[in-house]
Amino acid sequence: MTVPAPFLRRRADTRGMMLVMLACLGVTATHFALRYDPQFLPRFAAYLALGAAIDLAYGLLRDGRPGCPLASTWVTVALLVLSVPARMPAWQVASGIFVAVFFGKRIVAPGALRVNPMLLGRLFMMIVFANSIQVWLAPDAEIDALSSATPLGLYAAEGETWPTLQLWLGEIRGDWEGIYAVLPGSPGEVMPLLALLCGLVLYVSGVSDWRAGTTFVLGFGAACLVLDMPLVHHMSAGSLLFTAVYIVSDPRSMPGSKAGRLIAGLLAGVLNAAIRRHGYLPEGVVPAVLAVNLLSPTLDRLAFAVRGRWLQRRQGKSE
Amino acid sequence: MRRAIPSKGEGLVAKPEWLARLPERVFFPLVESVNRCKLIPLVRQGDRVRLGEPLAEGEALVVHASCAGVVESVDTLSISVRCEPPANHNPVPGKAHGHEDLADFARDAGLVGMGGSLFPSAIKFKAATKIDTLVINAVECEPGIQIDEALLLYDADDVQAGLDCLAGALGVRRTVLAVKRASAGHLAPFAARCKADVLRMNNRYPAGAEKLIVARLTGRMPPAGVLPMSLGILVISVASLWAIGRRLRLGEPVMWRPLTLTAPEHPVRNLIVPVGTPLRHLLEVYGIPFDPQTHLLVTGGLMMGAQAQPETAVTKGTNAVFVNPLAVRLTKPEDPCILCGACFDACPLGLHPSGMAERIKAGKASAALSAQLRECFLCGACSAVCPSNIPLAQYFREAKAKGVR
């Protein structure tokens, strides 16, 4: 047995990284359950179990024996469940999970196409269940109102903003001029402050990279200013920070190189803002990030070639 | 904060101690400087040798007996000497007055690059014609090694004697002591004594790489293939200076090797060991258990060293011996790359390790790949941080050996 150098390993393995991520998502889910909807936690657990079951079934189909559930499957499922309405019909969520895990994670992800499996699942749900993915049922709706809306939906419909501090702390309830009952959005996005804290934990524990998330927020902010959108409101409402922390920082679907990450994050941010401003969707994360995911391999290749060219020129000078 | 390999050792630097008990036998490989210098034995089986007597010689190097005794065997690969306790040392103080003498002095003393390169110093000194800056490399960035620092703290006279001689002979204008920022404080007195400027390097591996020291010194990263010497800079290790100093002050050739011995649940020891001592003897003297199933024996550093066997002998370049308990983890198979980017962050040269490995595996040669491969000096930081256990440095080593161009 000959082992090549180096004889030192710094970090936890891939599984350990995924478990830290899962812990952060678990805290987010618990937070939503405690503050808004106690029923969410058992549903969340059941969806995770479903994800594991799909992994087992996939193993059975492919190898004839149950496969070991991947920690990253749970991360995909948790992200998906945290980004759709908490009271969305279970069978619809389940079919989204099936698409994300079976199709996105197991079939597409190992191949050359590097798209985020969770976003693939959500895209499917947005197309097939276009109605119910936008219905934000109030867990405790007692207010007489014509309709209900999340702060982002309220802004899209009426151009009204909700107080910033309340958005950051997730204190979103009440009504707007007797017309709309204002409701929290999907479980992941209700408290941007919590997402930010989790992002810090993920960075400090060495699980995720700061680059793409940071340029995503910066690009989004810059585009907001250019497109004349209320910057602070867009930064606080909706899933901007949740996306920056959990989705744009996904390693496999984003470029691996440092420069590639900076550029991809920036592109996704600008695209997201443009969709919010001009598109049909009030949120726009899914198409923005998926589009950038398609560019990831190209960005990586470009970064590699540019670096190589630069080194070549330097080496040429010295000879 | 993340994905870095800290090079600061723990606790105080231990004082170097002489090996408590002489080994039974010492071994001298005759392939020490492979392809650079052929060594021809000067002794025959059964000869009685004194301490410090030449055993073999080559164009640029002499090998000396590190203990008195009887030559047991001589073959094309190695000489072994059975040690006898009474050490009748017959010192021959050496001198080097100017640059012309320096190469001969280094050859007769058996001096090699003791930072681990084992490159015969005679060749290096002969080529060093226009040197204006002498850099003492005391960075010791490999985690857990502290022998250079120990020599500077506790044996400064020998190091200083070596430094004065070398600086005088080369006629340098400036001496620089390169240290880790964390050790700058307690090495400052030594720098002041030698009137050397202190160059603070960061506390992360591989800050002590010659290339990075030169980059810090000149403000520009030297391109691949450019020797510091062509920029007027000579980088030398603390242990080499120490050996030169002992040659000057006591007349000893290079026959002792200062090294750090690290084992789990044992205090870190700094030892001065006869060259040629088998590692098994070190483990026995200090009561260190070694189980080949769970432990690896590593010489030269955890990052760029090599796996050794208990029979392996200490060479002039062995700056550290580790008993490493990670055998199980280090032999884990490689997982698929998840492009987490850890290797990109870890590479001190800003290369694209995962991209390089991917292209090497796919057999896709390109100008960009070979340019990056040429720069890589195999520090192994990428392998060490990879959560998927991909032996990136090993891929690069093989590709370099195959000459992927």
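By convention in this document, chain letters (A, B, ...) are assigned in the order of the sequence lines, proteins followed by strands, and residues within each chain are numbered from 1. None of these values were measured; they are calculated from a predicted model.
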Top contributor to chain A contacts, counting heavy-atom pairs under 4.5 Å, from C337(B), G305(B), P391(B), P336(B): G305(B)
Most contacts with chain A, counted as non-hydrogen pairs under 4.5 angstrom, among A393(B), G355(B), G301(B), S354(B): G355(B)
Main-chain N/O of V3(A) paired to Q307(B) side chain as donor or acceptor, under 3.5 Å: yes
Within-4.5 Å side-chain heavy-atom neighbours: L311(A) and L351(B): yes
Minimum heavy-atom distance Q312(A)-A367(B), with the two atoms named: NE2-CB, 3.4 Å
Cationic tip of R359(B) above F304(A) ring, under 6.0 Å, 45° of axis: yes
Worked check of salt bridge (charged side-chain N to carboxylate O under 4.0 Å, His left out) between R15(A) and D335(B): CA-CA 11 Å; R15(A) 207 182 176 82; D335(B) 289 333; over 6 Å; no
Beyond-backbone contact of K258(A) with H352(B), side-chain heavy atoms, under 4.5 angstrom: no
Atom CD of E265(B): over 12 foreign heavy atoms under 6.0 Å: no
Separation between CZ of F344(B) and CG of D300(A), rounded to the nearest 0.5 Å: 6.0 Å
Heavy-atom closest pair, residues P251(A) and I338(B): CB-O, 3.3 Å
Between R307(A) and Q372(B): side-chain donor-acceptor atoms closer than 3.5 Å: no
Working for side-chain contact (heavy atoms from CB on, under 4.5 Å), residues F7(A) and M303(B): CA-CA 6 Å; F7(A) 304 92; M303(B) 298 299 294; over 6 Å; no
Heavy-atom side-chain contact between R9(A) and N389(B) under 4.5 Å: yes
Taking every non-hydrogen atom, the tightest pair across P223(B) and R314(A): CA-NH2, 3.5 Å
Side chain, backbone, both or neither of P222(B) within contact of chain A (heavy atoms, under 4.5 Å): backbone
Shortest non-hydrogen separation from A371(B) to Q315(A) and the atoms involved: O-NE2, 3.0 Å
Option that, when pairs with chain A are counted at under 4.5 Å, heavy atom only, ranks first among M304(B), E358(B), R397(B): R397(B)
Among G256(A), G308(A), G260(A), residue most engaged with chain B (heavy-atom pairs, under 4.5 Å): G256(A)
Side-chain touch L339(B)/R114(A), heavy atoms, less than 4.5 angstrom: yes
Over 12 foreign heavy atoms within 6.0 Å of CZ, F377(B): yes
Residue part contacting chain B, namely of A303(A), when any heavy atom lies under 4.5 Å: both
Over all atoms of both residues, closest heavy-atom pair of A368(B) and A305(A): CB-CA, 4.1 Å
Pairwise side-chain contact, P6(A) with L302(B), heavy-atom cut-off 4.5 Å (strictly under): no
Any D345(B) side-chain heavy atom under 4.5 Å of D209(A) side chain: yes
Region of L378(B) in contact with chain A, defined by heavy-atom distances below 4.5 Å: neither
